[in-house]
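To start, the structure itself, in structure tokens.
These values consider heavy atoms only, across backbone and side chains, with no hydrogens, waters or symmetry-generated copies. Just so you know, residue 1 is the first one in the sequence shown, and it goes up from there.
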Amino acid sequence: MNKIKKTRNTCWDVPAPASGRSWHLRTPVSAMVLLALASTAQAQSTPPTRLKMDSSLLGVKTKIPDDEATYISADSMTSNGAEETTLEGRVEVRRQGLRLQSDRIIYSPITDRATAKGNLVVEKDNMRLKAPEGDVKVGTGESRLNKPTFELMDIKGKGRAERLQYDGISTLTLENPNYTVCQVPDPSQADKGDWYVTADSLELDQTEEVGRAKGAKVVFKDVPILASPYLSFPTTNRRKSGFLPPSIGTVSNSGLEVTTPYYWNIAPDKDLTLYPTLISGRGAQLGAEGRYLTPHQDGNLKFDYLPSDQKTGQDRYAVSVLQNYNKGNYYAGLNLNGVSDDQYFVDFSRTQAVASQRVLLREGYFAYREDNWSTSVRAVTHQTLQLFNDVIVEPYDRLPEVAVELNPTKVGAAFVSVSGLYTDFANPTSTPNRVEGSRGVTRARVFMPVNRAQFSFTPALSVQANSYDLRNQATGFGPTASSVVPTASLDGTVYFDRKTSLFGRAVNQTLEPRIFYLYTPFKDQSDQPLFDTTVTDQSLSRIFSENRYAGYDRVADANQLTFAVTSRFSDAITSEELFSMTAGQRLNLKTPRLVLTGLEAPVTSDSDFFLNARGRISKNYYVDATSQFSAESGRHERGNISLGYSPTPGKQLNFGYRYTRNLIDQFDVSGQWPLSQRWSGVGRVNYSMLDKRLIEGVAGLEYGEGCWAVRVVAQRFATAPQLQTTSLFLQLELSGLGRIGSNPIELLSRRVPGYTPFASSLTTQ
């Protein structure tokens, strides 16, 4: 083999066999290279070898970095001087992230363009373009191709077009394309996909992650389902402005609903969604939701307006404003909610939780917080919805409420906390004859925690002082009232632990006996009104509280002892808690005297007995169960149990049962399960056996392919006594394009714990 040697400014030996040429040029091919090695060689059957040229042969004194060099390989090369070089036979050109392949390339070093004919392939940044011919600017990748196919690996997009332009950065502009993300035999057969987009022109912007089509048509299973003179769609989950796919559904009390949302991505921290809706049984409704998030503020504004409801003749609306502000030690916020009439949620809600709302909060607050103290002022009013004959008591408005609090602060070996609360309680306009007025509450507490690895105990002493200035007091009660009530408590726990196993898994088990003593002397507080005080439900956590009432108007007398024992199982390596069991009971050493007349029965000497178990009993099973037994009668007074089974995503079964004697007797079954490789069933039944009534029922079918899914979901739920609403959701999801129809995914995610959209679960199996 002959070798060409340069004695000056040459760093490489250059093999140049007669069988072919392989060029590695560290800059765009220049005329100096062609003059230095002017030759024409015909390709032979043997593979091409490579010629590697140093920058000194190009007349460049500074060495060009490898990552900026241009590498060319071909079976033969012909040059006409400094203007053009013709490369033929297994041609490959590489520079940085760009790779070109073709049967024949004519390269111009003046324009840095490569004109290719025959099996052109352009690869750059997870993008592959193929065409019979085209030209490419080697430095940037800017391309013009005729009759190309394209593949965008990041978004799985593919297709063909009459012509293609690539700006060398991120955007493809296609004429008369077919585009899909479905699996097809070849990108040229995009119209063989289960769905595809055809258009007069299509722009795919990989930076903005959006597609923009003119004269567009969406074809699903060879049937056109959507046509538009302009169509914009996200190619990923990134936010973008534009019309969203229309939503279509039916509701029993309103009829057919068609919504065409428009999403405006105002800024990275602001957006607005408009959703005009045509309701066949009621009229045209306009809805809007705006959101923003800044370093110091966040907010959400939602408004729905239906002029002249065809069923009621009234203007119907709902408004919600949520605003939070935080900068340094200052906090402020608004939470305002309102509807036009009492039956608004009954007529327009799409979930049982929304339909059951009866009290809407309207609140504004301002607060200042330091490390160990804080102060705040707030004003609270309400809108109370009265449904038919189901009338509820309206809560008091607070105009205003001022609070000052000293957080637990260490003083010697003890901690001291003090709080003060002033509230002016005002009657809503619809209930003018109730007692109203102001209340001041001061509460101080001193406690001394002692914590050791083997045990802990905390003695505490607190005192609460109330004073009232009242109006509209009942006969026999004066305009003022006051009380001072002290409380003493002692809370202690001992810790035992051992290493063991749980269902074949190495764990650490603890045994934690706990004892809690509470003493509060009796103080007659019957002259004090009940502004915000209620009876709390007994539970494992409440039997350790210092007051069995919620609110500040009553401090219950107590001379009681509470016992409990908890056992926890934690992973021996990660310390993650896997399972726990707790049993507890409170014993009244003296029968309490203070009782809220009409709200609770006299308290017996013993409280009820409680049991709780929760956690994972194996990898796929979860349980959370609580039972409450009457200490006096031994009867089961209250209980709930939740069981969950989830072996893999897309397979979920849940069972729940709630019971409260004479009040609640409900079971709740929900789940999602594949019926075949492509079909999945999903549903929920929440039924009251006491009322013999369906509270909520959901039933649906999902069918999923690799690039699309369809969902049909029916829902029926109680909106008010003796009233129910039925809704039907039908949705077609085209992966990488959007969803068409009414969206049941949010509903299913809320109502079926562990739900995974079926198309997503297919990809994880």
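Remark: Glu142 engages Arg113 in a salt bridge, criterion side-chain N to carboxylate O under 4.0 Å. Contact check on Arg94 versus Glu92 returns a salt bridge, with a Lys/Arg side-chain nitrogen under 4.0 Å from an Asp/Glu carboxylate oxygen. A salt bridge is absent between Asp186 and Lys158; no separation between the charged side-chain nitrogens and carboxylate oxygens falls under 4.0 Å. A salt bridge between Lys221 and Asp194 is present, with a side-chain N of the basic residue lying under 4.0 Å from a carboxylate O of the acidic one.
Using cut-offs of 30° and 60° on the angle between ring planes, the pair Trp195 and Tyr179 is perpendicular.
For Tyr330, the OH atom sits in a loose shell: 12 or fewer heavy atoms of surrounding residues, nucleotides or ligands are nearer than 6.0 Å. Counting heavy-atom neighbours within 6.0 Å of Lys217 NZ, excluding the residue itself, gives a total of 12 or less. Within a 6.0 Å sphere centred on CD of Glu175, other residues, nucleotides and ligands contribute more than 12 heavy atoms.
The heavy-atom pair separating Ala114 from Ile105 by the smallest distance is CB-CG2, 3.6 Å. When all heavy atoms of Ser188 and Arg160 are compared, the pair lying nearest together is O-CD, 3.0 Å. Contact between Gly118 and Ser102 at its shortest, heavy atoms only, is O-OG, 2.8 Å. Shown here for Val138 and Leu98, the closest heavy-atom pair between the two residues is O-CD2, 3.2 Å.
Qualifying salt bridge (Lys or Arg N to Asp or Glu O under 4.0 Å) partners for Arg128, counting only residues two or more places apart in sequence or in other chains: Glu123, Glu151.
Residue pairs meeting the disulfide (SG to SG under 2.5 Å) criterion with at least one member in residues 124-243, sequence neighbours excluded: Cys182-Cys707.
The structure places CG of Asp200 at 12.5 Å from CG of Leu174, a figure rounded to the nearest 0.5 Å.
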